[in-house]
Amino acid sequence: MDKNEKVNELARRRGFLWPAFELYGGAAGFYDYGPLGAPLKRRIEDIWRQFFVISEGFAEIEAPTIGVEGIFQASGHLSGFSDPLTGCKECKEIYRADHLIKHIVEVPDALSNEEIYKCIQENEIGCPECGGELSEVYEFNLMFKTMIGPGNKMAGYLRPETAQGMFINFPRLLRHFRDSLPFAAVQIGKSFRNEISPRQGVIRLREFTQAEAEIFIDPRDKTHPRFDEVKDIKMKFYSQAAQERGEPEEMTFGEAVGRGVIAHQTLAYYIARTYQFLLAVGVAPDKMRFRQHKSDEMAHYAADCWDAEVFLDRLGWIEIVGVADRTDYDLKAHTAQSKVNLSVFVNFDEPIKRQKLVVKPDFKALGPRFKGKAKAVGEALKALGPEELKGDKIRVMVDGETIEIESSLVSCESVEEEVRGEEIVPHVIEPSFGIDRILYTVLDHSYYEDAVDGETRAVLRFHPAVAPIEVAVLPLMDREELVFPAKKIQEELRGLGLRVDYDTSGSIGRRYRRNDEIGTPYEVTVDYETLEQGTVTIRDRDSMLQIRVPLGQVADKLQALLCKALKFEEAGTMVGPAKEE
RNA sequence: GCGGCUGUAGUCCAGCGGUUAUGACAUGGGCUUCCCAAGCCCGUAACCCGGGUUCGAAUCCCGGCAGCCGCACCA
């Protein structure tokens, strides 16, 4: 069994990840988070909130998971996400139908599936592999489609990313942030993609959780006020150039921006924050790198894009986070689709005075002469520059027709106006996290095996901040005199909000192993000395060392240990290794 | 979607046409002043689903579903 299998098996057996719908035969690409997986996920999300909501002052929102058609027309998911496919009836090979007629039709995208199929038949196009007959053209859309309300009037789609929820709320978010840049909104939630063949467990799901931030900034200033805080952090950068050499390059974020490896400070800052977040949840630093998208894999609108990649045994380097400068692409796309202006009015430092030519067509004369066209003629006149307005006759083009107008019918004057600012479409910096992949990475990178007395011990070395169980309270034996004080400790710890497990089954050693396997950082054991001396032992998962602590101090010491305010060896009196007793 | 391999308790596996379906680990109960998966006793627990062949199917055949590996896909 390789490590990947061991981790998957442990995750299933211990209640982290379960294949969904097992009772009914299952469905690929869906997973349940079990009793330990759900809290692990929740705690990872909470740390993300700490980084990207609380620390940055971003706004968390929650938009519907179903979206209406317009959103995905604007985002490009409706056309870009949906491919016409055809298959060879002989060899069963699948092809993009539109690609097969590229040399015949200039814009195959404009054709319906029926038209593409007709074109294939008329031109007697066969299978490129074996020459066999091709099947009818069918649509495969990666978005799940549904109907909103009765009848088939309104189509709905399960969102393929959470990002659009932030973009389409731009006007209200802007108002919430009192009409000024920069600001940002985030969402943690489910997204859906009807993958053709999802595999590799939780790495490619049909329903998955994303945490995305959309940071709206002024495109003219991409520096970041907190960049100093991260500029000295070192990181492995796998830039476009480094990829050509085949070797990532280690440098500080300051250097990376200075040398133009990363496009600008703001992007670099959020890459650095991403790095800190991944470390905080337990991704191993030596199995992590940031890889820049190559120019051909970058979306055409993106100015720069970096993926956080982690190394997983058997799967290799896997993308878990993308940090992109999406420029003004999304807001402009939604403006075009919705006809709503999505820009910010930004004041100049100083109001600017400038001369402006005001053209006033004489509509009293133009109206009767041009009737219905009068408005269009007037608009055309207003758009003219000073040069074109000179002379006795003024020429304008309206609907492809040249029209001559006497200059007496147009008055124009130069006015001084004061301009206080300008309309700006913000650029968007987007860190986008795949929570399920991160959770799997945390499992994989936390998994260790030691040998104890020739036996293999499996341990999940979770950071205390993500551990689904923080403390296990264990009476040495299942006897009333030990059970009673143990239950009191459990109650006290739960009262403080700690995630506590209580277990009396089997031998003490077995319970330690069980807790090692689910990553419980500390165990409190009540033994006969507790009754005589009023102390209990606390065991450290990673070192398997134990200390004795007076009953009254257990809660305080545990809390300090869990937030790493106290070193284990200094938290109590060391107990000799159990073997020597 | 295509091709190859696979599917038996929670886990790993035996059984390869007729068995009360083997075993280990895990798990529940009991005994044992038991600190790193100790021991003893007793229990719970499975043939992926649906068809077919056969007197009889976990076993053979077909289809579905799921997993793994390749191919394709991965906005």
Side-chain angles (χ1 to χ4, degrees), chain A residues 1-2 4-6 8-15 18-30 34 72 75-83 85-96 99 129 135 138 140-143 160-161 193-201 203-206 297-301 314 318-319 450-459 474-479 481-482 504-517 523-532 536-541 543-546 548 575-581:
Chain A
M1 228 189 338
D2 66 24
N4 190 55
E5 279 176 278
K6 281 181 183 171
N8 277 317
E9 195 263 317
L10 189 155
R12 212 177 326 127
R13 190 161 40 81
R14 289 301 187 193
W18 292 332
F21 322 129
E22 273 186 304
L23 198 58
Y24 292 101
F30 296 97
F72 304 114
S75 68
H77 287 105
L78 214 48
S79 52
F81 231 57
S82 163
D83 298 329
L85 300 181
T86 183
C88 173
K89 290 177 177 174
E90 301 297 322
C91 69
K92 307 291 181 195
E93 195 65 45
I94 304 289
Y95 301 99
R96 281 282 294 273
H99 288 181
E129 283 296 317
S135 74
Y138 58 94
F140 189 82
N141 194 318
L142 254 43
M143 283 196 293
E161 61 176 22
R193 296 177 193 185
N194 201 1
E195 297 283 355
I196 296 172
S197 77
R199 275 195 204 161
Q200 291 151 345
I203 299 299
R204 258 177 97 198
L205 293 170
R206 290 191 164 122
E297 87 185 282
M298 210 167 338
H300 61 277
Y301 52 81
R314 179 147 99 177
I318 294 283
E319 175 197 349
D450 338 355
V452 179
D453 294 335
E455 297 250 21
T456 305
R457 180 179 82 122
V459 191
L474 313 170
L476 188 63
M477 292 183 65
D478 190 7
R479 291 176 163 264
E481 63 269 30
L482 300 178
T504 60
S505 72
S507 74
I508 188 69
R510 182 183 296 263
R511 283 175 275 158
Y512 286 151
R513 286 292 193 278
R514 202 149 45 196
N515 276 289
D516 289 340
E517 211 177 39
E523 290 93 354
V524 173
T525 303
V526 175
D527 55 17
Y528 287 94
E529 238 178 282
T530 309
L531 304 179
E532 290 154 23
V536 295
T537 67
I538 299 178
R539 170 186 183 267
D540 177 60
R541 173 195 66 206
S543 65
M544 305 201 308
L545 294 172
Q546 283 180 296
R548 289 206 82 89
V575 178
K579 279 172 272 180
E580 294 171 19
E581 285 190 10

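Proteins come first, then strands; the chains are lettered A, B, ... in the order of their sequence lines, and each starts at number 1. Note that the coordinates shown come from a computational prediction; the quantities given were computed from them, not determined experimentally. Atom set for the values below is all heavy atoms of this structure, side chains included, hydrogens, waters and symmetry mates excluded.
Put simply, CD1 on A:I508 is 16 Å from P on B:U33, counting in whole angstrom units. Between A:E9 atom CD and B:A26 atom C1' there is a gap of 10 Å when expressed in whole angstrom units. Rounded to whole Å, atom C1' of B:U33 lies 6 Å from atom CE of A:M477. B:U11 atom P lies 12 Å from atom CZ of A:R14, rounded to whole Å. The distance between atom CZ of A:R479 and atom C1' of B:U32, rounded to the nearest whole Å, is 8 Å. Rounded to whole Å, the distance from CG on A:L482 to C1' on B:U32 is 14 Å. In this structure, CG of A:D478 is placed 16 Å from C1' of B:C35, rounded to the nearest angstrom. Rounded to whole Å, atom P of B:C35 lies 11 Å from atom OH of A:Y528.
When the P atom is used for both B:A26 and B:C12, the distance is 15 Å, rounded to whole Å. For the P atom pair drawn from B:G64 and B:G3, the interatomic distance equals 10 Å after rounding to whole Å. The separation of B:C71 from B:A14, taken at their C1' atoms, amounts to 35 Å, rounded to a whole angstrom. For the C1' atoms, the distance from B:U8 to B:G15 is 9 Å, rounded to whole Å. Nucleotides B:C60 and B:C16 place their C1' atoms 10 Å apart, quoted to the nearest Å. The C1' atoms of B:A58 and B:U19 are separated by 12 Å, rounded to the nearest whole Å. Between the P atoms of B:U6 and B:U59, the separation comes to 14 Å (whole Å). B:G51 and B:G1 are spaced 23 Å apart, taking the P atom of each and rounding to whole Å.
Of the candidates A:R12, A:K6, A:R13, A:R13 is the only one forming a side chain to side chain donor-acceptor pair (under 3.5 Å) with A:E9.
Heavy atoms of A:D516 sit nowhere under 4.0 angstrom from any nucleic acid atom. Counting non-hydrogen atoms under 4.0 angstrom, A:R457 reaches nothing in the nucleic acid.
Taking every heavy atom of both residues into account, A:T525 and A:T530 meet most closely at O-OG1, 4.4 Å. Nearest heavy atom pair, residue A:F30 against residue A:L205, reads N-CD2, 4.3 Å.
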For nucleotides 61-68 of chain B, which of its nitrogen or oxygen atoms have a protein nitrogen or oxygen under 3.5 Å away, and what is each distance?
| residue | atom | partner | partner atom | Å |
| --- | --- | --- | --- | --- |
| B:C65 | O2' | A:G25 | O | 2.7 |
| B:A66 | OP1 | A:A28 | N | 3.1 |

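In this structure, of B:U11, B:G28, B:C36, it is B:G28 that holds the atom nearest to the side chain of A:S505. The nucleotide whose nearest atom lies closest to any side-chain atom of A:R13 is, among B:C36, B:G10, B:G1, B:G10. Residue A:R204 places its side chain closer to B:C73 than to any other of B:C73, B:A37, B:C35. Picking from B:C35, B:C36, B:C73 the nucleotide with the shortest atom distance to the side chain of A:L476 gives B:C35.
Applying the 4.0 Å criterion to OP1 and OP2 of B:A26, one finds that A:R510 has a side-chain N or O inside that range. At B:A38, one or more side-chain N or O atoms of A:S507 fall inside 4.0 Å of OP1 or OP2 (strictly under the cut-off).
In this structure, A:E22 and A:R548 both approach RNA chain B, and ranking their closest nucleotides by distance from the 5' end singles out A:E22. Mapping A:E481 and A:G76 onto RNA chain B by nearest heavy atom places A:E481 at the nucleotide closer to the 5' end.
A search for ring pair (Phe, Tyr, Trp, His ring centres under 6.0 Å) contacts involving A:Y528 returns nothing, not counting sequence neighbours.
A:E195 contributes no side-chain N or O that forms a donor-acceptor pair with the base of B:C74 under 3.5 Å. Side-chain atoms of A:R539 and base atoms of B:C36 include a donor and an acceptor less than 3.5 Å apart.
Side chain of A:R206 to backbone of A:A28: a donor-acceptor contact under 3.5 angstrom is found.
Note that the OG atom of A:S507 and the CG atom of A:L476 stand 9.5 Å from one another [nearest 0.5 Å]. With rounding to the nearest 0.5 Å, the separation of CG in A:D527 from CZ in A:R548 is 4.5 Å.
Here the side chains of A:D516 and A:R539 are in contact, with some heavy-atom distance below 4.5 Å.
In this structure, A:F72 and A:H77 have perpendicular ring planes: the angle between them is above 60°, well past the 30° mark.
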Once Watson-Crick and G-U wobble pairs under 3.5 Å are found, how is RNA chain B written in dot-bracket notation, 5' to 3', with | for any base paired to another strand?
(((((((..(((.....[....))).(((((.......)))))....(((((..]....))))))))))))....

Take A:E455 and A:R513 through the test salt bridge (charged side-chain N to carboxylate O under 4.0 Å, His left out) and record every step on the way to the result.
CA-CA 11 Å; A:E455 297 250 21; A:R513 286 292 193 278; over 6 Å; no

The test is side-chain contact (heavy atoms from CB on, under 4.5 Å); show your working for A:N515 and A:R541 and say whether it passes.
CA-CA 8 Å; A:N515 276 289; A:R541 173 195 66 206; over 6 Å; no

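By the 4.0 Å N-to-carboxylate-O rule, A:R511 lies too far from A:E523 to be salt-bridged with it.
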